[in-house]
Amino acid sequence: MVQTLIFIKRMKGDIELHAPNGRTGGSMAKTVWIGDIQDGLHNGQTIELKGWIKRTRGSNKLRFVVLRDSTGDIQCVGKLTDLGEEVFEAMKGALIESSVILNGTVVESEKAPGGHEIVAQSFQIVGAVDPERPFPINKEALNVVDEDGEPMPGGSEFLLNNRHLYLRTSRMTTMLKLRSSAFGAIHNYFRNEDFIEYQAPNFVAGAVEGGSTLFEVPYFGETAYLTQSWQLYAEAAMPALERLYTIAPSFRAEESRTRRHLTEFWHAEMEMAWASNDEIMAHGEGVVRHIARTLLDEREAELSSIDRDLELVARYADNPYPRMRYDEAVETLQGMGVDVKWGDDLDYSKEKVLTQDFDVPHFLTHYPKIAKPFYHRVDTEDEKYVLCHDLLAPEGYGEIIGGGERTWSEEEILRRLDEEGTPREPYQFYIDTRAYGGVPHGGFGLGVDRVVSWLAGASHIREVIPFPRTSRRVKP
RNA sequence: GCCGAUUUAGCUUAGCUGGUGGAGCGUGGGACUGUUAAUCCCAAGGUCGUGGGUUCGAGCCCCACAAUCGGCGCCA
């Protein structure tokens, strides 16, 4: 199909936009972005700007209209003498979040926020906002604080109910940009390391995580479940692709009421043939550090705008992540007077104590076999342990990676299932994959939302996903 | 699943020992030619989450229910 190509100059070169040929009678494509204006690319030019009204102020002869688009904010000045009575009145009556097209001259101005402003020559409202129904999110709604007076815009019931409108406010827009860069960084990391992207089904027949609750879905007279992890299906493809990864949603029907949990979260998972626990961990460290580095390279201004300490993020990008065996962690905790005994799983309250002195993420390895499910491979050097790892983020953000070597021989996996009293039948396809050329292998799952939440310094994981799903909320 | 809270105008909230609810933002009207979350004046806007109880009288005390938030368990 023939399409009209419009080439637009942006900071990073030419961007191709595709407009339907002739059908709309002309192009709606936008050619000027606020971010570029504030970077000085349009000084002295007369331009056409398309955007939304963020705020207005002024007198009855001079109006200031702050416009926003996806790249930033800019102050526009409208003078009665330039615009004429009719257009000036329209500008005066335009409400917040009206969409507008404004023509004017870009000037440098020390008085304008950002250093530039536009002196308007024309002003046209595209989508008006009704005064009977003004944009409900105002500065008061954004002023939500918790009991300690800390800003907590993600915790307001009103903002959660109006999430579809909250998305366009500056904090949420910033979080979505950080999130995008994090997703891109994960793809780049694994592709650069010769991993192949691979998709597993979201409807599944059985559990992956022992103990985690599954969401049931009616499935043509049968019951299916929403996947908790791609792992079992990734292991099936491991002999074909050897190094594979995905970024996909996982679902867990846990009534967790914490700032680290969602019922639907984005899971970056990798699986790797011929790999030891140490080698898998090296990729876990590699991808997390690459995400931190990418955020600094691509989103420094955004991180600063939400008051994130850039030196802290740089520390996470530039330093190796130490490894600590489970036994050592337990001893450390006991030394701190924490009531924990060997064989206990380390819950969040203990993780928090353990990580309070960490200045970078730490791996915890070699958990007792009794604390982990059957697919974790037993350490041949000491069969009390399994070859696994968790990566714990500092600043109280908790576990961001869980992974390790998999039980790979058919004989051993059957023994582990029997030891646990887990029935074989639901895992028959998984056991089958061991019967034909099993090899040592492993992988990990990374909670993408958790990593973004941590690196952004968010007050709640809800802050970094557009429409959070928790045990109490599936709307909007 | 467990524990702890909250619910007053569109939003954010004040409300004393129980005696007919105040404000800021937003909206409408007015003033102002350089504002920076503009400012100043005026106005409209409330069956105080729902149901019941105590009382001469309930936003406030008691009970139930509902919605939501925070923390824990579990995990990414």
Side-chain angles (χ1 to χ4, degrees), chain A residues 54-66 73 75-82 88 93 95-96 109-114 117 119 129-148 150 152-162 165 170 208-213 228-229 231 249-269 284 288 345-352 372-373 390-393 397-403 444-454 459-462 470-473:
Chain A
K54 182 169 179 169
R55 207 168 298 285
T56 68
R57 48 181 175 257
S59 69
N60 58 11
K61 290 181 180 162
L62 177 74
R63 300 297 303 178
F64 297 94
V65 176
V66 180
D73 305 335
Q75 173 168 290
C76 305
V77 192
K79 297 174 183 172
L80 174 61
T81 48
D82 293 347
F88 188 84
L95 297 189
I96 288 173
S109 165
E110 286 188 6
K111 280 184 281 186
E117 68 181 10
V119 180
V129 173
D130 182 355
E132 295 288 314
R133 257 189 328 148
F135 191 66
I137 299 176
N138 57 35
K139 60 191 181 188
E140 296 298 334
L142 296 169
N143 264 348
V144 181
V145 295
D146 67 14
E147 290 164 345
D148 304 320
E150 293 293 311
M152 200 185 53
S156 146
E157 180 181 355
F158 176 75
L159 292 179
L160 288 166
N161 287 339
N162 289 280
L165 302 177
S170 61
V208 176
E209 294 290 333
S212 295
T213 321
Q228 298 172 309
S229 163
Q231 182 193 324
S250 283
F251 305 89
R252 305 219 174 142
E254 296 160 352
E255 289 193 56
S256 304
R257 300 191 49 75
T258 80
R259 56 185 65 192
R260 305 179 307 283
H261 282 86
L262 297 165
T263 52
E264 175 181 351
F265 67 97
W266 285 80
H267 214 170
E269 299 184 82
V288 172
D345 209 348
L346 299 181
D347 60 40
Y348 178 67
S349 64
K350 297 176 185 89
E351 276 179 13
K352 205 155 70 178
K372 293 286 178 182
D390 287 350
L391 182 63
L392 307 182
Y397 285 90
E399 187 179 338
I400 52 176
I401 280 181
F444 64 77
L446 175 152
V448 184
D449 319 275
R450 279 192 184 174
V451 169
V452 176
S453 177
W454 160 56
S459 59
H460 197 294
I461 196 168
R462 248 182 340 224
T470 62
S471 60
R472 294 289 187 95
R473 182 177 287 279

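The figures here come from the full heavy-atom set of this structure, side chains too, leaving out hydrogens, waters and symmetry mates. Lettering of chains follows the sequences in order, A, B, ..., and the numbering in each one begins at 1.
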Next item on the list: With P as the reference atom in both, quote the distance from B/C60 to B/G51 in angstrom, rounded to an integer.
Entry: 13 Å

Notebook entry, point to check: Are A/Phe265 and the base of B/A76 stacked, counting only ring centres nearer than 5.5 Å and planes tilted under 30°?
Noted result: yes

Note to self: Given a 3.5 Å cut-off on both pairing distances, which stems involving RNA chain B, each at least three consecutive Watson-Crick or G-U pairs, are present, if any?
What the structure shows: B:1-7 with B:66-72, B:10-13 with B:22-25, B:27-31 with B:39-43, B:49-53 with B:61-65

Checklist line | Residue A/Asn138, side-chain heavy atoms: nucleotide from B/U33, B/G26, B/C72 that is nearest | finding: B/G26

Notebook entry, point to check: Roughly how many Å is it from NZ in A/Lys352 to P in B/G71, rounded to a whole number?
Noted result: 8 Å

Checklist line | Residues which pass side-chain hydrogen bond (donor to acceptor under 3.5 Å, both in side chains) with A/Thr470, listed by chain and number, not counting sequence neighbours | finding: none

Notebook entry, point to check: P atom, B/U7 versus B/A43: distance in rounded Å?
Noted result: 29 Å

Check: Toward the 5' end of RNA chain B, which comes first, A/Asp347 or A/Thr81, by nearest nucleotide?
Finding: A/Thr81

Check: Taking only side-chain nitrogens and oxygens of A/Arg57, does any of them come within less than 4.0 Å of OP1 or OP2 of B/G26?
Finding: no

Item checked: Interatomic distance at C1', B/G59 relative to B/U50, whole Å -> 15 Å

Note to self: Just to verify, what does A/Tyr348 make a side chain to side chain contact (heavy atoms under 4.5 Å, CB included) with, not counting sequence neighbours?
What the structure shows: A/Arg260, A/Glu351, A/Lys352

Margin query: Going by side chain to side chain contact (heavy atoms under 4.5 Å, CB included), name the residues that satisfy it together with A/Ser59, two or more places apart in sequence or in a different chain.
Written below: A/Lys61, A/Leu62

Notebook entry, point to check: Taking the P atom of each, how far is B/C11 from B/A5, in whole Å?
Noted result: 25 Å

Item checked: Nearest-angstrom distance from the residue atom CZ of A/Phe251 to C1' of B/C74 -> 19 Å

Checklist line | Candidate nucleotides B/G70, B/G73, B/U12, ranked by approach to the side chain of A/Arg462 - the nearest | finding: B/G70

Margin query: Just to be sure I understand the rule, does A/Arg55 reach a base, reach only the sugar-phosphate, or reach nothing, if contact means heavy atoms closer than 4.0 Å?
Written below: sugar-phosphate

Notebook entry, point to check: Nearest to the side chain of A/Lys79 - B/A76, B/G1, B/G34?
Noted result: B/G34

Note to self: Looking at B/C69, I'd like to know if its phosphate oxygens (OP1 or OP2) sit under 4.0 Å from a side-chain N or O belonging to A/His460.
What the structure shows: no

Next item on the list: Find the distance A/Phe158:CZ to B/C11:P and express it as a whole number of Å.
Entry: 6 Å

Next item on the list: Quote, to the nearest angstrom, the C1' distance that separates B/G73 from B/A67.
Entry: 24 Å

Item checked: For A/Ser349, all residues meeting side-chain hydrogen bond (donor to acceptor under 3.5 Å, both in side chains), sequence neighbours excluded -> A/Asp347

Notebook entry, point to check: How would you label the contact of A/Asn161 with the nucleic acid (heavy atoms, under 4.0 Å): base, sugar-phosphate, or nothing?
Noted result: nothing

Note to self: The criterion is side chain to side chain contact (heavy atoms under 4.5 Å, CB included); which residues satisfy it with A/Asn162, sequence neighbours excluded?
What the structure shows: A/Pro136, A/Ile137, A/Phe158, A/His164, A/Leu165

Note to self: Does B/G71 have OP1 or OP2 under 4.0 Å away from a side-chain N or O of A/Arg259?
What the structure shows: yes

